[in-house]
Amino acid sequence: MITTTYKHRQWVNHAAFAATGFCALLTLSVLFFILGYVLVHGLSSLSWDFFTKLPKPVGETGGGMANAIVGTFKLIGLASVVGLPVGIMGGIYLAEYGKHNTVGFLVRYAADIINGVPSIVMGIFAYTVVVLPMKHFSALAGGVALGIMLIPIAVRSTEEFLRLVPMAIRESALALGLPQWKVILQVVIPTAMKGLLTGVLLDLSRVSGETAPLLFTAFGNRFWSVGWLNPIASLPVMIFTYAVSPYEDWHRQAWAAALVLLGIVLLTNASARLLMRKQVATV
């Protein structure tokens, strides 16, 4: 009887291991298929002109997306200024003060709800709040839309990384007579700094590929955008515009732009994973 039960457990263990291994292999296969497909189509379309020149008029081949590449980084930078301070401060509150109170529960619940709101709704909100009063599209409106999307992600990631700091470190600092705000600023945050930077990079990579909010706010621009109050080009919007066009050359450049955007996201994620490993090793 014991032998039969043992063999049955072994069979179940092997079957479960095979099933999970197959699912993992299937997931990796889909990922590598997408990456390979974008790489094959995009790599053949990349050139120096793509990174240094402006888009050509309709009917002319060639040109590039230099303005969209610069515009993407401008929008991400503006979104960081708008969303990261609020998100990080909210995460600090949840991790240090809002663990078991009503306010913490409400903030955490609101962050989860906002994080699940479709990005197009965020675009419509930013359009109503920023674009309509200004009466024109702008980089500022696009940065605000992405920044609002960034806030709930930053709140939750900051909270999770601060919770990785052992409670013994906080108690040791408090035992020395430091007030709690000094413990947070001088002990907890420096200890979790690599994790917080990891969260920031992951947050930025999450919003860097959003298209719908930018269609309602930044809109697009086929020329260089000066300042923050004019419409601005971005890679996600250019990919969408070129992909739905009837021109073969635009399709080719859309694949190249998709590869560049994918490279930015992958590089950001790889940097975040490297920082995360160092943070776990430190803690």
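The analysis underlying the following values was restricted to heavy atoms, covering all of them including side chains, and did not include hydrogens, waters or symmetry mates.
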If you define the side chain from C-beta out and look only at heavy atoms, does anything of [X] sit under 4.5 Å from [Y]?
X	Y	answer
Met122	Ile114	yes
Val207	Ile76	no
Ile88	Val200	yes
Ile169	Val188	no
Leu140	Met134	yes
Leu262	Ile34	no
Asn115	Arg156	no
Ile232	Leu214	no

Apply side-chain contact (heavy atoms from CB on, under 4.5 Å) to Leu164 and Glu160, showing your working. CA-CA 7 Å; Leu164 291 177; Glu160 292 302 322; over 6 Å; no
Taking all heavy atoms of [X] and all of [Y], pick out the closest pair and write down the distance.
X	Y	value
Leu185	Pro190	O-CD, 3.2 Å
Ala141	Val131	CB-CG2, 3.6 Å
Thr158	Gly87	OG1-O, 4.3 Å
Ser208	Val265	OG-CG2, 3.5 Å
Gly209	Leu261	CA-CD2, 4.1 Å
Ile264	Thr268	O-OG1, 2.7 Å

Rounded to the nearest 0.5 Å, how far does [atom2] of [Y] lie from [atom1] of [X]?
X	Y	atom1	atom2	answer
Phe125	Thr217	CZ	OG1	12.5 Å
Leu35	Leu259	CG	CG	9.5 Å
Leu75	Trp228	CG	CH2	7.5 Å
Phe32	Leu39	CZ	CG	12.0 Å
Gln10	Asn13	CD	CG	7.5 Å
Thr102	Tyr109	OG1	OH	14.5 Å

Please check if the number of heavy atoms outside Met89 that lie under 6.0 Å from its CE is greater than 12. no
If we ignore hydrogens and angles and just use 3.5 Å, is the side chain of [X] paired with the main-chain N or O of [Y] as donor and acceptor?
X	Y	answer
His251	Ser245	yes
Ser225	Pro231	yes
Arg170	Glu96	no
Ser119	Glu210	no
Arg206	Met149	no
Arg222	Lys56	yes
Thr20	Phe17	yes
Lys182	Val187	no

Are [X] and [Y] in one and the same hydrophobic cluster, where Ile, Leu, Val, Met, Phe, Trp and Tyr link if side-chain heavy atoms are under 4.5 Å apart?
X	Y	answer
Met238	Trp224	no
Val117	Val144	yes
Phe51	Val38	yes
Leu196	Tyr93	yes
Tyr247	Trp255	yes

Under the criterion side-chain contact (heavy atoms from CB on, under 4.5 Å), I'd like the reasoning laid out for Leu46 against Val260: C-alpha separation, chi angles, the key distance, then a yes or no. CA-CA 9 Å; Leu46 282 179; Val260 172; 3.9 Å; yes
Short N-O contact, Glu248 and Arg252, less than 4.0 angstrom: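 Looking at Glu248 and Arg252, the cut-off is not met.
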Assess the residue pair Leu202 and Ser157 against the criterion (side-chain contact (heavy atoms from CB on, under 4.5 Å)); give the C-alpha distance rounded to whole Å, side-chain angles, the decisive distance to 0.1 Å, and a yes or no. CA-CA 9 Å; Leu202 291 174; Ser157 64; over 6 Å; no
Centroid-centroid distance, Trp181 to Tyr97, less than 6.0 Å: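 Here the rings of Tyr97 and Trp181 have centres that are no less than 6.0 Å from each other.
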Quick note, side-chain hydrogen bond (donor to acceptor under 3.5 Å, both in side chains) partners involving residues 44-55, not counting sequence neighbours, are none
How are the rings of Tyr242 and Trp250 set to each other: parallel, tilted or perpendicular (split at 30° and 60°)?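 If you compare the ring of Tyr242 with that of Trp250, the planes turn out parallel.
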Using the ring of each side chain (for Trp, its six-membered ring), is Phe219 parallel, tilted or perpendicular to Phe137, with breaks at 30° and 60°?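 It falls in the parallel class, under 30°.
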Residues Gln253, Asp249; criterion side-chain contact (heavy atoms from CB on, under 4.5 Å); working and verdict: CA-CA 6 Å; Gln253 293 201 42; Asp249 184 61; 3.3 Å; yes
